[in-house]
Participant: 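Here it is, the structure, as structure tokens.
In this chain, residues are counted from 1 in sequence order.
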Amino acid sequence: QVQVVESGGGVVQAGGSLRLSCAASGIIFSGSVMAWYRQAPGKQRELVAAITSNGRTNYSDSVKGRFTISRDNAKNTVYLQMNSLKPEDTAVYYCNARTYYSGYWGQGTQVTVSS
């Protein structure tokens with residue numbers, strides 16, 4: 001049984017910060033690529049940030065310099081530190097765990113940035 005569970009979403013004013021967490025179980029976490037996606041109403045789901053098992057990171061251009069993805073293999077948890085938030089960041093944020101065999105999605109957590 002694989003479980004991917006996000007937490008940390010909420011409402012924040014523009015310019016503020018939030019840290020999202022994603023705990024994964026039932027997978028070999030240390031060998032998995034972890035990623036954060038987001039989806040706003042009426043828009044496609046987009047990749048926000050990803051981190052490989054070796055710690056290499058990639059970010060979408062829209063969040064570079066503001067968001068930081070990290071992982072704690074001992075806790076089977078990936079984080080997304082979001083700073084300097086903008087209203088355009090408002091979306092449901094989803095965690096994805098990519099193993100060699102398959103990918104797994106969390107239920108999502110709502111992030112709302114007010115202006």
Participant: Using a 4.5 Å cut-off on heavy atoms from C-beta on, say whether the side chain of W36 contacts that of V78.
Facilitator: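 A side-chain contact under 4.5 Å exists here.
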
Participant: What is the minimum heavy-atom distance between I27 and S32, and which atoms define it?
Facilitator: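 Reported closest heavy-atom pair: CD1-OG, 3.7 Å.
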
Participant: Got a second to check how far S115's OG is from K86's NZ, nearest 0.5 Å?
Facilitator: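 Nearest 0.5 Å value for the OG-NZ distance: 13.5 Å.
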
Participant: Supply the atom-to-atom distance E6 CD to Q110 CD, rounded to the nearest 0.5 angstrom.
Facilitator: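 One finds 12.0 Å between CD of E6 and CD of Q110.
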
Participant: Work out which heavy atom in V48 is nearest to a heavy atom in V63; give both atom names and the distance.
Facilitator: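 It is O-CG2, 3.6 Å.
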
Participant: For G31, is there any backbone N or O sitting under 3.5 Å from a side-chain donor or acceptor partner on S53?
Facilitator: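 No; judged by distance alone, with no hydrogens or angles, the pair does not exist.
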
Participant: Can you find a pair of side-chain heavy atoms, one from R98 and one from Y104, that are under 4.5 Å apart?
Facilitator: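 Answer no - side chains too far apart.
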
Participant: Is it true that atom CD1 of I28 has more than 12 heavy atoms of other residues, nucleotides or ligands lying nearer than 6.0 Å?
Facilitator: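 Counting neighbours around CD1 of I28, 12 or fewer heavy atoms of other residues, nucleotides or ligands fall under 6.0 Å, so no.
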
Participant: Do M82 and L80 have side chains that approach each other closer than 4.5 Å (heavy atoms only, starting at C-beta)?
Facilitator: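 The answer is yes, as the side chains (C-beta and beyond) meet within the 4.5 Å cut-off.
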
Participant: Find out whether F67 and L85 are in side-chain contact, i.e. whether some heavy atom of one side chain is under 4.5 Å from a heavy atom of the other.
Facilitator: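 Answer yes - side chains close enough.
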
Participant: I'd like to know whether V111 forms a side-chain contact (heavy atoms from CB on, under 4.5 Å) with T90, so could you lay out the CA-CA distance, the side-chain angles of the two residues, the decisive distance to 0.1 Å, and finally the verdict.
Facilitator: CA-CA 5 Å; V111 172; T90 295; 5.9 Å; no

Participant: Applying side-chain contact (heavy atoms from CB on, under 4.5 Å), run through M34 and C95 and close with a yes or a no.
Facilitator: CA-CA 7 Å; M34 303 297 297; C95 182; 3.8 Å; yes

Participant: Are V92 and L47 connected into the same hydrophobic cluster when the rule is that any two of I, L, V, M, F, W, Y join if their side-chain heavy atoms are below 4.5 Å apart?
Facilitator: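 Shared cluster, yes.
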
Participant: For residues N58 and R56, is any side-chain donor paired with an opposing acceptor at under 3.5 Å?
Facilitator: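 No, no side-chain donor-acceptor contact under 3.5 Å.
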
Participant: Report the C-alpha separation of T109 and L20 in whole Å, then their side-chain angles, then the decisive distance to 0.1 Å, and conclude whether the side-chain contact (heavy atoms from CB on, under 4.5 Å) test is met.
Facilitator: CA-CA 8 Å; T109 185; L20 306 182; 4.1 Å; yes

Participant: Hydrophobic clustering (ILVMFWY, side-chain heavy atoms < 4.5 Å, transitive) - are V113 and Y59 grouped together?
Facilitator: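 Same cluster: Y59 reaches V113 through Ile, Leu, Val, Met, Phe, Trp or Tyr contacts under 4.5 Å.
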
Participant: Assess the side chains of R38 and Y93: does a donor N or O sit below 3.5 Å from an acceptor N or O?
Facilitator: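 There is such a pair (donor and acceptor under 3.5 Å, judged by atom type) between the side chains of R38 and Y93.
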
Participant: Could you state the interatomic distance from CG (N76) to CD (Q3), rounded to the nearest 0.5 Å?
Facilitator: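 Separation between the atoms: 12.0 Å.
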
Participant: Quick one: does NZ or CZ of R45 land under 6.0 Å from the six-membered ring centre of Y94, within 45 degrees of the ring axis?
Facilitator: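 Cation-pi check for R45 and Y94: passes.
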
Participant: Between S17 and N83, is there a side-chain donor-acceptor contact under 3.5 Å, judged purely by atom types and distance?
Facilitator: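 Yes, side-chain donor-acceptor contact under 3.5 Å.
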
Participant: Should V33 and I51 count as side-chain neighbours, where that means a heavy-atom distance under 4.5 Å?
Facilitator: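 Counting from C-beta outward, V33 and I51 never come under 4.5 Å.
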
Participant: Work out which heavy atom in L18 is nearest to a heavy atom in G8; give both atom names and the distance.
Facilitator: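 It is CD2-O, 3.9 Å.
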
Participant: Answer whether the closest heavy-atom distance between the side chains of R66 and D89 falls below 4.5 Å.
Facilitator: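 Side-chain contact under 4.5 Å: yes.
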
Participant: Considering only heavy atoms from C-beta outward, does the side chain of V4 approach that of N96 to under 4.5 Å?
Facilitator: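 No. Closest side-chain heavy atoms not under 4.5 Å.
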
Participant: Taking the side chain as everything from C-beta on, heavy atoms only, tell me whether Y79 gets closer than 4.5 Å to I69.
Facilitator: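 No; the side chains remain at least 4.5 Å from each other.
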
